[in-house]
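Shown next, in structure tokens, is the structure this report addresses.
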2 protein chains.
Amino acid sequence: MKPEHTDVTAHAPQHQSEDCRAVSAVLARVGDKWSVLIISLLGPGPRRFNEIKRMIGGISQRMLTLTLRGLERDGLVTRTVFPTIPPRVEYELTDLGKSLWQPVEALGEWARRHQPEIAAAQRRYDKRTEQG
Amino acid sequence: MKPEHTDVTAHAPQHQSEDCRAVSAVLARVGDKWSVLIISLLGPGPRRFNEIKRMIGGISQRMLTLTLRGLERDGLVTRTVFPTIPPRVEYELTDLGKSLWQPVEALGEWARRHQPEIAAAQRRYDKRTEQG
DNA sequence: CCGAATCCAAATAGATACTG
DNA sequence: CAGTATCTATTTGGATTCGG
């Protein structure tokens, strides 16, 4: 394992404004394959590990663990262990996570509305460029 | 090269709702390291290749080319070649791209506001977990 | 049930050199 | 100026096995 966590201030070395770097770094973190999806799922309330796994469907145990750890590290979700048998772990958005949920949903809304346009644009592009 | 372009409908095989998959796929595409940053930069108006490169600062020529191609394929930016010497190529948001610019800016706004909180959360987490 | 550890394949990103 | 080509390093992700 050892994800060797990245620092939100690390990325993008040179002439950028601080703002630009900060935005870029946060988005690089939150814009991985699963984070926004999980944040979106956690919006309505807390969820258990395998519950999230089932809802997403295409994620491996490993990636779910890694992604949740990352979100926890960023202060976006909390992880609560119930010492029962069998064990039970719940993940829930923090206040910070909830504040992120809103712009994420806005983006999700956009994606739902415009996904057909994007698919159409891709088909046009591919048709034009497949030896055209 | 050969990026072997991904289809927005490709991703996430199983039990998800169509919506969930669509959102996930669009976000996976747009949520790479540079796309949102470029969309953000292109909001105010068209830019030339090296202009974008300088503004971002930490991007390689190759990745800028690939990212712009992807955005063009998705119908989010247009690429206009001016047949002058030296050559000049301008990139500009399409209407679809402009409609995406708004939620992207919302996310950027969030990132700017909360970046210090995230950095702080990361420090706390790292301190707690560095052999704690 | 909720993970951690390990191994391995594939996708991604950077450096460099070259071209119209 | 705006790319393309190639080669390599790094990152990422899945499959599997193991443990509390």
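Throughout, protein chains are lettered first and strands after them, A, B, ... in sequence-line order, and every chain is numbered starting at 1.
Sorted by first and then second residue, the salt bridge (charged side-chain N to carboxylate O under 4.0 Å, His left out) pairs involving residues 95-104 of chain B (not counting sequence neighbours) form an empty list.
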Report each atom pair, protein N/O against N/O of nucleotides 14-19 of chain C, whose distance is under 3.5 angstrom.
none

Under 3.5 Å, which donor-acceptor pairs do the side chains of residues 38-52 of chain B form with other protein atoms, sequence neighbours left out?
from, atom 1, to, atom 2, distance (Å)
B:Ser40, OG, B:Glu105, OE2, 3.0
B:Arg47, NH1, B:Glu51, OE2, 2.8
B:Glu51, OE1, B:Arg48, N, 2.9

Validation: residues 85-94 of chain A side-chain donor-acceptor distances under 3.5 Å, sequence neighbours left out:
from, atom 1, to, atom 2, distance (Å)
A:Arg88, NH2, A:Glu90, OE2, 2.8
A:Tyr91, OH, A:Arg79, NE, 3.3
A:Thr94, OG1, A:Gly75, O, 2.7
A:Thr94, OG1, A:Leu76, O, 3.2
A:Thr94, OG1, A:Leu96, N, 3.3
A:Thr94, OG1, A:Gly97, N, 3.0

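For D:dT4, one of the phosphate oxygens OP1 or OP2 lies less than 4.0 angstrom from a side-chain nitrogen or oxygen of B:Arg69.
Side-chain contact check for A:Trp34 versus A:Ile56: some heavy-atom pair is nearer than 4.5 Å. Two residues are said to be in side-chain contact when any heavy atoms from C-beta on lie closer than 4.5 Å; B:Tyr125 and A:Arg69 meet this criterion. Inter-residue side-chain proximity for A:Leu68 and A:Glu72 is flagged as unmet; no heavy-atom pair is nearer than 4.5 Å.
To the nearest angstrom, C1' of C:dA13 lies 14 Å from CD1 of B:Ile56. Here the C1' atom of nucleotide D:dG3 and the CG atom of B:Leu66 are 11 Å apart, to the nearest Å. For B:Leu68 and D:dT4, the CG to P distance is 11 Å, given to the nearest whole Å. Remark: C1' of C:dG3 and CD of A:Glu51 are 17 Å apart, rounded to the nearest angstrom.
Distances from the side chain of A:Thr65 to the nucleotides D:dT4, C:dC2, C:dG3 place C:dG3 closest.
Sorted by residue number, the members of residues 79-94 of chain B with any non-hydrogen atom under 4.0 Å from DNA chain C read B:Pro87.
Nearest heavy-atom pair, B:Asp74 versus A:Gln122, reported as atom, atom and distance to 0.1 Å: OD1-NE2, 2.8 Å.
B:Val77 and B:Phe82 fall into different hydrophobic clusters, defined by Ile, Leu, Val, Met, Phe, Trp and Tyr side-chain heavy atoms under 4.5 Å apart, directly or through other members.
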Show the numbers, then the answer: is there a side chain to side chain contact (heavy atoms under 4.5 Å, CB included) between A:Met63 and A:Leu66? CA-CA 5 Å; A:Met63 287 316 299; A:Leu66 285 173; 4.0 Å; yes
Take A:Val104 and A:Leu107 through the test side chain to side chain contact (heavy atoms under 4.5 Å, CB included) and record every step on the way to the result. CA-CA 5 Å; A:Val104 161; A:Leu107 208 60; 5.7 Å; no
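Rounded to 10 degrees, the angle between the two end axes of the helix from C:dC1-D:dG20 to C:dG20-D:dC1 is 50°, with five pairs used at each end.
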